[in-house]
Protein chains: 2
Amino acid sequence: MLVAVDCIIFGFDGTDYKILLIQRGFAPEKEKWSLMGGFVQMDETLDEAAKRILNQLTGLHDVYMDQMSAFSQPLRDPIERVIAVPYVSLIDIEKYSKQINNDFHAKWFSIREIPKLIFDHGDMVELALQQLRYKAALHPILFELLPEKFTLPQLQTMYEGLYDIKLDKRNFTRKLLSSNLLHKENDKDKSSSKKGAYYYSLNEDFYTRNLSNILPIVSKSDISLAAE
Amino acid sequence: MLVAVDCIIFGFDGTDYKILLIQRGFAPEKEKWSLMGGFVQMDETLDEAAKRILNQLTGLHDVYMDQMSAFSQPLRDPIERVIAVPYVSLIDIEKYSKQINNDFHAKWFSIREIPKLIFDHGDMVELALQQLRYKAALHPILFELLPEKFTLPQLQTMYEGLYDIKLDKRNFTRKLLSSNLLHKENDKDKSSSKKGAYYYSLNEDFYTRNLSNILPIVSKSDISLAAE
DNA sequence: TCAAAAGTGTTATCACTACACCCATGG
DNA sequence: CCATGGGTGTAGTGATAACACTTTTGA
């Protein structure tokens, strides 16, 4: 029996959530779009395999990764029995584009326009999104999608996009600022307005201490449909 | 590479949380205490394997089961490479004792007195408990541990035991009753007091609809230490 | 009759929601 | 000078937390 790891790699470009897909260079399903994946080697853990595979594609290290439930339908891969363990990763889309590895013909797709994927990769993506919505409502993980410095309007757009909701600017700002997660910078981002929006950065200490704590950003009613 | 499933089976006896362990009848680690487990067959999914293995030991069907993250240290099993996928199950301890299968020398252990387990099973149990605490704080899953009819004091003891906290009886009652999860029966349980406590049963419809929704029973501060 | 557990209300505090105007700037 | 997006405060409402006495009944 083989065990594989598949990476669902999320990015956010300021407007849309994207996932990174590759075009398979080998049979079966050559040329079809697929998640980046690979077999687990005899001397590595699943986490190590996932890191290795993500690094192969993106060149990135130290990326947020989260193991999902295994996919184990006996016939999910028509050639042989492969149990797949998907990993959700969140990356800063800008960091990636600097380190791109073109061997895999990778491309970002908006999550609203995902092509048909091989095997059960489509289900994996759907589940990954559900889980992202669930988890992001309780824990401040979405910061992983942003660059070091970001603005409050960017942050808000990111949350609004994930749940397809409108949030109140004032309430959102208050909640985030009172969370102690943010550190205000002195400079502004003027790319999207004339006035400019102040940059913020993560309070790293506080962030790592609180990643596993419950710290809801959106309200319960917004996530009820997205439960794990 | 082999893939195995291990079952962490929780029960609650009215006072303590217990897990069901077996005494291994074969090498390696013969006679040592261990989780009930088994290899995944070529024609079954992981969920099916977990159900099969749980049924072998307990005789039970339709049990709450939840897949955890895989354990994949290359040397976790000294004989050969086995990736283990643990499953948390919650069962009504009374139902089990009626259907006990003695082939496996199974025994309930209080979670405060768990013996040394083989391989990394001890870590699995610890992680399972953490996850149970996390999940039970957000979703009404602990009912799976109780018989059809139960009392509010029982329920409260169960929550208090899991988090090692004291809850206010009035606030707890109010929260549970306002949740719509419970249906009051006409009879009382007189086994633990002279006055007797009314039995309640689950509103099944509402329960299944809301299992995946967020419905906190204990407060955030109680679960912060137990995050996934 | 009394010991032991069950049941029941009220108030204060805190978190969440809704809502509208002024500010700064580049063009 | 004006169009555009950024920034800020307050009041009402609902949820949570703290708190103590009465009821029932078997022994």
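This one's a predicted model, so the numbers in the text were calculated from it and none came from an experiment. Below, chain A is the first sequence line, B the second, and so on; all start at residue 1.
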Review point. With the threshold set at 4.0 Å, does a side-chain nitrogen-carboxylate oxygen contact exist between B:Asp189 and B:Lys149?
Key: no

Exercise for review: Rounded off to whole Å, could you give me the CD1-to-P distance for the B:Ile217 and D:dA17 pair?
Suggested key: 12 Å

**Study point:** All ring-ring contact (aromatic ring centres under 6.0 Å, His included) counterparts of A:Tyr17, not counting sequence neighbours
**Key:** A:Phe12

Exercise for review: Find the distance A:Leu167:CG to C:dC16:C1' and express it as a whole number of Å.
Suggested key: 13 Å

Practice item. Have a look at A:Ser192 and say if it touches a base, only the backbone sugar-phosphate, or nothing, with a 4.0 Å heavy-atom cut-off. Key: sugar-phosphate

Exercise for review: Would you kindly give the CZ-to-P distance between B:Phe172 and C:dA6, to the nearest whole Å?
Suggested key: 12 Å

All N/O donor-acceptor pairs, side-chain side in residues 106-117 of chain A, below 3.5 Å, sequence neighbours left out:
unit_1: A:Ser110; atom_1: OG; unit_2: A:Arg112; atom_2: N; d: 3.1

Review point. B:Leu177 has an atom CG; how far is it from atom C1' of C:dA6, in whole Å?
Key: 13 Å

**Study point:** B:Asn55 side chain vs B:Lys51 backbone, donor-acceptor pair below 3.5 Å
**Key:** no

Review point. Roughly how many Å is it from CG in A:Leu152 to P in D:dG7, rounded to a whole number?
Key: 6 Å

**Study point:** Protein-nucleotide distance (A:Gln156, atom CD; D:dG7, atom P), rounded to Å
**Key:** 11 Å

Check your understanding: Given the rule in the ring-ring contact (aromatic ring centres under 6.0 Å, His included) test, do A:Phe71 and A:Phe119 qualify, once you have shown the distances and angles that lead to the verdict?
Key -> CA-CA 11 Å; A:Phe71 279 63; A:Phe119 306 164; over 10 Å; no

Review point. Hey, is A:Glu160 close enough to A:Lys166 for a salt bridge, meaning N to O under 4.0 Å?
Key: yes

Check your understanding: Can you give one letter per nucleotide of nucleotides 18-27 of chain C, going 5' to 3': B for a protein heavy atom under 4.0 Å from the base, S for sugar-phosphate only, - for none?
Key -> BBB--BBBB-

Practice item. Would you kindly give the NZ-to-C1' distance between A:Lys184 and D:dG6, to the nearest whole Å? Key: 11 Å

Study note, to complete from the structure: To the nearest angstrom, the CD-P distance between B:Glu160 and C:dA5 comes to 14 Å

